[in-house]
Structures are given as C-alpha cells and as structure tokens.
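Atom set for the values below is all heavy atoms of this structure, side chains included, hydrogens, waters and symmetry mates excluded. Index from 1, following the sequence. Read the numbers this way: they start at 1 and go in the same order the structure lists the ligands and their atoms.
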Amino acid sequence: MINTVPFFRPSIGEEEIAAVTDCLRSGWLTTGPKTAEFEAVFTDFLGGDVESVAVNSATAALHLGLEALGVGPGDEVIVPTLTFTATAEVVRYLGARPVLVDIDSNTFCIDPSLVEAAITPRTKVIIPVHFAGRMCDMSSLRVIADRYGLRILEDAAHALPASHKGSIVGKAGADVSAFSFYANKTMTTGEGGMLVTANPTIASRARTMRLHGIDRDVFNRFSDPRAGWVYDVVAPGFKYNLTDIASALGIVQLKRANAFARIRAERAERYNAAFADLPLILPPGPSEGDVHSWHLYIVQLTDSAPINRDDFILALKDRGIGTSVHYRPLHMMTVWKDFCNSAVFSEADRVFNRTVSLPLFMDMTDSEQDRVINVTLEILNKQK
Ligand SMILES: *Cc1c(COP(=O)(O)O)cnc(C)c1O
C-alpha cells in the first residue's frame, strides 16, 4: 500500500467540534449572537478601526463590495487573469465589464504598470488578488488608484493573515477587503466569508444588502425603537448572511489563525531547503517588509526539468500525492475569452504551463511532507 498525501486536509480540533455542538444545542442556528461575536473578534484580529461584515462566501463579499462601491452597467473593473473565476464573475453580476490584466511572473500578482495601462474613463475599481498569500504591491496600486480616482477591492481569499509594510491585510490600502473561509482556505467555516472596510457607508450598505435589503437585522433588534416585526425593504438585496453554526466554527479557527500561518511558513521553508537543487523555480517570497500567509506552495518546472508539468502531476498522483494547479488563467476560459479583445497574457501563460501546487496544510505531518519531498526528488532527479 502506498502512503497517500492529500492536497489539503482542514484542521478541525475538539474545540471547533464543541463550539459547533454548543451552537446546535443553543437553539439559535442562523445569523445571531455567534455571528455578531465572530465579526467583533475578526475586527479585533485586524487591530480595530474597521468594520467586519460576515457573509456566506468570499464571492458574496466581493459582490457586496462592488455593489457598495457603486459599480454598475457601463463600468469597467480591473481583474488579474491569474485568479479564480469568482473574482471576475462578481463584476458581471452587476452588469459591469471585467478587464483582464496580466501578472508579474516574479510575484504572481497583478502587474501595477499594466493596471495603469488598462485604465479608461469607464474604470471604477481595481481588484488585486494576493496570490497564494503573497501580498500585491498595495502601495503602488494605491498611488495609481488615487491618481485616477479609483477604488480598490482586494480579493484576500488567500491572504489571512498576511501583511504589507507592517499593515495587516484588510488595512493595507484597500477600500474594501473580501476574505474566504472556504474549506481549504487559511481558516475555515466550511463555507463563509468576511467583508472588511473602514468606510461606515460601505459597511452599512453591505449589511443591508446581505439580507434582502431589509433595513434592520438581528443585531439591532433591541436598539431599534420599532416593534419587533416592523421592517422596511429599501433595495432588492441578496441572501448572503452567515449562519451562527459557521460563525461558532470561525471564532475558534480565528484564534488559531496565527499559529496556522507559522506552521505553513515552516513547511514552506522546509520545502524550499529540500528543493534548492532541483530544476524548479521556488515560490516567490514576500516583498521586503511584508508577511506571506503561505496559503499555497507553488513550484514551477524549469526548462531543464526531465518531465513536463502534466506528467509531473501524473507521476505524483501515481505515487499517491495530491496536487492542484492555481489557476488556469481566466483568459483561457470560455466565458472570459469574450472579454479579452485578443489581448495577450504572456506572463500568465508561461506561469500556468509550468506550475504545480504541492500539499501544504496545518496538520501535515513530517512524514507526510518527507513523502512529498522524496517523491519529488525521485521524479526530478531521474535524469541527473
Ligand atoms: C476561494 C477563492 C474565492 C472565492 O471564495 P469563496 O469563499 O469560495 O466564495 C475568490 N477568490 C479567490 C482568489 C479564491 O481563491
């Protein structure tokens, strides 16, 4: 029997199980006290001075963020081509146009100079993606956004708890931030997300729109002077609220988020040391003064590798090792091709053809990582 190593396994301990069980026993399952607490501790985790709005996915947070920023038909939103489809699809939800931009292959993040070149009078928002947990150059993007009167909505699905020049993600120059608690992200609520902003008008709009456009929620039930059953509907909103079951899980996971990040960083270092002499381009580290969250560990096969990317993945699979590819760029996808006007994305193409994401997760054991390392050495050293 071969030793299998999954690509990812969530880290769920007894405390998480007890928190969810307590919530189930409490009789309150949907958005309520646990969600209010999750929002409060999330704001504390970021060091205060922002509002956190819990939602049922990062996709919802991205959608609500763009809606609150006033994006609509006729507007353009700049999105990197190397990302998950959610980053672009939310632009279409609002009838606006995603404008795909190439990445910098040294960072996997959107290239600020190409962002500037893509700006038109219709551009409203830039959506940087902190790829794999490595922060984009937020300082440059902020300068560009301010020069052209644009807003920044950061897709921070990979990035908790990364930081840029001493400022934690969520407070590093974006107007709005979207976090993901999907099962394989840096912390999880099964499905879930958080919209974070320092702008009270945006936060208030997102709170209203996450629950049908209703002008009151369970949190202001007691402060609202109207009778408990009275509410108005002020906009055709959405159904994006997070359950208390998920929030109970999130509160415990958030307490572990920094320890999780330290473990992933150690595992990434261990991979880097083991792979130093292989025909691999190792993942880009953080910029000077930044902190990487190491959501993903991505290697690229060089031209001197004895095997191509697809065969490397198959060889790992044959030996029981799970991998993934982040991502097939959006400009290659049927739906997004139409938005590209035959633009070229040579950096993303090159990266895509060479990349493999290797297993990296909080409960990974030394022997699991040794297995990935030894198999990788075996496959790539073959023709030395
Ligand atoms: C996971 C992910 C999303 C979507 O997150 P959900 O919580 O599943 O909606 C968006 N953008 C990126 C870059 C992601 O990796």
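From Thr87, atom OG1 reaches atom OH of Tyr327 across 7.5 Å, with rounding to the nearest 0.5 Å.
The aromatic rings of Phe181 and Phe38 sit tilted, their planes meeting at an angle between 30° and 60°. Relative ring orientation between His158 and His326 is described as perpendicular, the plane-to-plane angle rising above 60° on a 0-90° scale split at 30° and 60°. Using cut-offs of 30° and 60° for the angle between ring planes, the Phe361 and Phe8 rings count as perpendicular.
Looking at Ala58 against ligand 1, both its backbone and its side chain come within 4.0 Å, counting heavy atoms.
Between Leu316 and Leu358 the shortest side-chain heavy-atom distance falls below 4.5 Å.
Checked by distance only, ligand 1 and Tyr327 come closer than 3.5 Å through their nitrogen or oxygen atoms. In terms of polar-atom proximity, Phe84 is not counted as a contact of ligand 1, lacking any N or O under 3.5 Å from an N or O of the ligand. When only interatomic distances are considered, the shortest N/O to N/O separation between Thr59 and ligand 1 falls below 3.5 Å. For ligand 1, none of its N or O atoms has an N or O atom of Thr83 under 3.5 Å away.
Atoms of ligand 1 lying under 4.0 Å from at least one heavy atom of Ser180, given by number and element, are 5 (O), 6 (P), 7 (O). Close approach of ligand 1 to Gly192 (heavy-atom distance below 4.0 Å) involves ligand atoms 7 (O).
Counting protein heavy atoms only, atom 10 (C) of ligand 1 is closest to Asp155 OD2, 3.6 Å. The nearest heavy-atom contact from the protein to atom 15 (O) of ligand 1 is His158 NE2, 2.7 Å.
Taking 4.0 Å as the cut-off, Ala178 does not count as a neighbour of ligand 1 on heavy-atom distance. For the pair Lys185 and ligand 1, a heavy-atom separation below 4.0 Å is found.
By the rule that hydrophobic residues join a cluster once side-chain heavy atoms approach within less than 4.5 Å of another member, Ile202 and Val77 end up as members of one cluster.
Under a 4.0 Å N-O distance rule, the pair Lys165/Asp137 does not qualify as a salt bridge.
Side-chain contact annotation: Thr81 with Trp336, donor-acceptor N/O pair under 3.5 Å absent.
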